[in-house]
Amino acid sequence: MTIQREAFGTLDDGQPVDCYTLTNESGMEARIMTYGGTLLSLRVPDRDGHLADVVLGFDALAPYLGEHPYLGGIIGRYANRIAGGSFSLDGRIYQLTQNEGPNQLHGGELGFHRQLWRALPQKTRNADQLVLHYLSRDGEEGYPGDLHVEVIYTLTSRNELRVDYHAQTDRPTVINLTHHAYFNLGGGETILDHVLTLTAERYLPVDGLLIPTGELAPVADTPMDFRMPTTIGSRIHEQDAQLLRASGGYDHCWALDSNTGILAAELYDPGSGRRLHVYTTQPGVQFYSGNFFDGSVVGKGGRVYGKYAGLCLEPQHFPDSPNQPDFPTTVLGPHDFYQHSTIYAFDVA
Ligand code: GLA
């Protein structure tokens, strides 16, 4: 097990960005940079033992500083959408920055994926870790309270990448942290041949602006049913109102059957044999099938990312929870300790 640090460029204001490489004894490797706490690459073996990068991203810092769809970043203070970019808490209305029409998406213009994190590499008995810290100030993007955030990436000897999220606030606020890695386990043009399983009986239908309607609808007899392993492309082109709202694909939150750290999702690429199991303590998982890629993003090695080039499995609380009293609460008070974990476990089959 090793951790290595190297320079990865500088921000416009001159602050240096570092990249840390975590490697385990089977050669699995995760590279993380301090800007956005972004997972730059993740090399995992296929069924013949060949390592390849299974996440989308860029080769250098510069494109991460420009417009891009949250490739590999840590998302906060509130992942996903908040309707109207506002919510009320303890009788006060908070107006957030609006960066997707009237709504806020993924924490606003300068969400946590656009912040510089302080990094501390450390070793435990079985694993290498990168501990990242960020202090989100009271008022940032409209949110109340100074929020101290810690995100710990751990690469284990069992080919797992674990992400632990901790936070504390000095005033009541709302919080929803997630990770925005785009997976493509085989390196093909799209992820339509990947086989997905989601341990969810219900999902959250959305309106035309991708805000949940508030209903938890059964997946049975809909293209949202991934209770059994299902090829992603098999129903994605159906003339289904929910798929059409998300620009011809999936961009929805599934309500997990349990949030006790059990299996949330399984993703399998029959071509390479690579398989990913996602375990989480979160109540939901947003499955986004990369529908908005239109060829304008040119990623690693000059690869043009077209529609469905990669997919996100974002463990999180339900979108727009601050405005949906029936959803599990996302309020964090000054005496609370925010704690969530997600494990991305890789093997072959
Ligand atoms: C999220 C959202 C999608 C899209 C992507 C980035 O996962 O749910 O609607 O905005 O981020 O393109």
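Atoms within a ligand are numbered from 1 in the order they appear, just like the ligands themselves.
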## Note on the structure
By side-chain hydrogen bond (donor to acceptor under 3.5 Å, both in side chains), T342 pairs with (sequence neighbours left out) T280
Cut-off 3.5 Å, no hydrogens considered: what does the side-chain donor-acceptor table look like for residues 144-151, sequence neighbours left out?
from	atom 1	to	atom 2	distance (Å)
D146	OD1	D138	N	2.8
D146	OD2	R137	NH1	3.1
E150	OE1	H166	ND1	2.7

### Query
Between Y78 and Y143, is the ring centre distance below 6.0 Å?
no
### Message
Less than 6.0 angstrom separating the ring centers of Y308 and H194, yes or no?
### Response
no
Sequence neighbours excluded and cut-off under 3.5 Å, please list the side-chain donor-acceptor pairs for residues 48-56, or say none.
from	atom 1	to	atom 2	distance (Å)
D53	OD1	L42	N	3.0
D53	OD1	V55	N	3.3
D53	OD2	K300	NZ	2.5

### Message
Tell me if the aromatic rings of Y288 and Y70 count as close, with their centers under 6.0 Å from one another.
### Response
no
### Task
Write down, by chain and number, every protein residue that brings a non-hydrogen atom to less than 4.0 Å from an atom of ligand 1.
P69, Y70, R81, L105, H106, H180, Y182, D251, Q286, Y288, F292, E314
